[in-house]
Amino acid sequence: MSDRGSLLRAGAVASVLLFAACRMEQRPMPTVTDRPFGKLPDGTEARLFTLDNGRGMRATITNYGGIVTSLVVPDRAGQGADVVLGYDSLAGYLRTTPYFGALVGRYGNRIGKARFSLDGRSYTLAANDHGNSLHGGSKGFDKLLWEAAPFHDTAQAGVRLHLVSPDGDEGYPGRLDVTVTYALTDASELRITYAATTDKPTVLNLTHHGYFNLAGPAAGDILGHELLLAADRFTPVDSTLIPTGELRSVAGTPMDFRTPVAIGARIGEDDLQLRFGKGFDHNWVVNGPAGTLRLAARVREPRSGRVMEVRTTEPGIQFYTGNFLDGTIVGKGGTVYRHRAGFCLETQHFPDTPNHPDFPTAVLRPGQEFHSATVYRFSAP
Ligand code: BGC
């Protein structure tokens, strides 16, 4: 090859590299910013963190309750919309909320008759739901102010939340040290990782309680969303939504989402479980080994083309169709949240596990570290 030829070739390679470098520099990086979100009744200030993945996704998260107050996701035309229910201001969350977007603990979901025993000792909890204990009691983790530390790197922007729940908090034993990390990644994921330690044996079930409507705000009900649940079995419940203990096959029941089905297709069927839940409000047993990140659910909203995939290390997932929303809540931008305006996919241990020795254990002991991860991944193919 002539000298001139190799010079030309070297020149071309250099330009390509430079072009790539410029493109990389221009590529927006994940960022996180932070501002006040209002004051709690005792005068302490809640913060609001804005996570931007540099690729069209944005989340706002407050350290009050670890609440995801908004989540903007592009549709198939690249148009972003907020796909979670909630309020415009802290005042809304302080007044009343069905756990919109919150971190729920110590025990997400229900504990039957608001009591359990562990190592021969019995514990009594707040009976805040028809004689049962729901979502950690009267003042669960969704109503606490978490310490918050924002972070970002080239692939993600996030906020790390930390709290210490004292021994006896809401009736639960042990001083629990909890860290929950939210990260918005350049792969269009909202990743939530949970870690906890205790100084006495205790029970624990941490989850995120986002209400999604992938069509965007004020879009009406979620019945047209198509849902797949990677679960062959679910945990049937009694009339107060406490599991009977059975792991029942979904085959031949309205609970069968092994292939995608519109949420509304069977929700109105005359079925005892649907009657108890006033719709879907049940826990499914996620296929595959708990402890490994595996597919639990995929939801597609046909009009916008948005798809949300849920992967988790947890053994179960509660699918709840906003059956208790009744039009009395006015949320973001004045939107009235009518019946079934949002759905929840809460990754979790099974409800009432502390009273069901056969269910995957929710016990945490001193010296052990609890770890769990859930990833909500968005696309609009
Ligand atoms: C429960 C519902 C409850 C809702 C709001 C869900 O996790 O399964 O029964 O109404 O939370 O509290």
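Counting starts at 1 for both ligands and their atoms, following the listed order.
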| request: Name the closest protein heavy atom to atom 6 (C) of ligand 1, giving the residue it belongs to and the distance to 0.1 Å. | output: H209 NE2, 3.3 Å
| query | Does the pair D34/R47 count as a salt bridge with the N-to-O cut at 4.0 Å? | reply | yes
| message | Check this for me - ligand 1, Q318, N or O atoms closer than 3.5 angstrom, yes or no? | response | yes
| When you measure from the side chain of D82 to the backbone N and O of S70, does any donor-acceptor pair fall under 3.5 Å? | no
| note | atom 1 (C) of ligand 1 sits nearest the protein heavy atom D281 OD1, 3.5 Å
| field | F100, F324, Y211 screened by ring pair (Phe, Tyr, Trp, His ring centres under 6.0 Å) with Y337, the one that passes | value | F100
| message | Does this structure show an ion pair linking R338 with D326, if we count only N-O contacts that are shorter than 4.0 Å? | response | no
| request: Report yes if some heavy atom in the side chain of L364 is under 4.5 Å from a heavy atom in the side chain of P201; otherwise report no. | output: no
| request: Output the list of atoms in ligand 1 that are nearer than 4.0 Å to some heavy atom of Y211, sorted by atom number. | output: 5 (C)
| note | Numbered in order shown, the ligand 1 atoms found under 4.0 Å of a heavy atom of F324 are 9 (O), 10 (O)
| task | Among all protein heavy atoms, pick out the one at the shortest distance from atom 4 (C) of ligand 1; state its residue, atom name and that distance to 0.1 Å. | result | Y320 CE2, 3.7 Å
| Aromatic ring centroids of H349 and F359 under 6.0 Å? | no
| Atoms in ligand 1 with a heavy atom of R110 nearer than 4.0 Å | 1 (C), 2 (C), 8 (O), 9 (O)
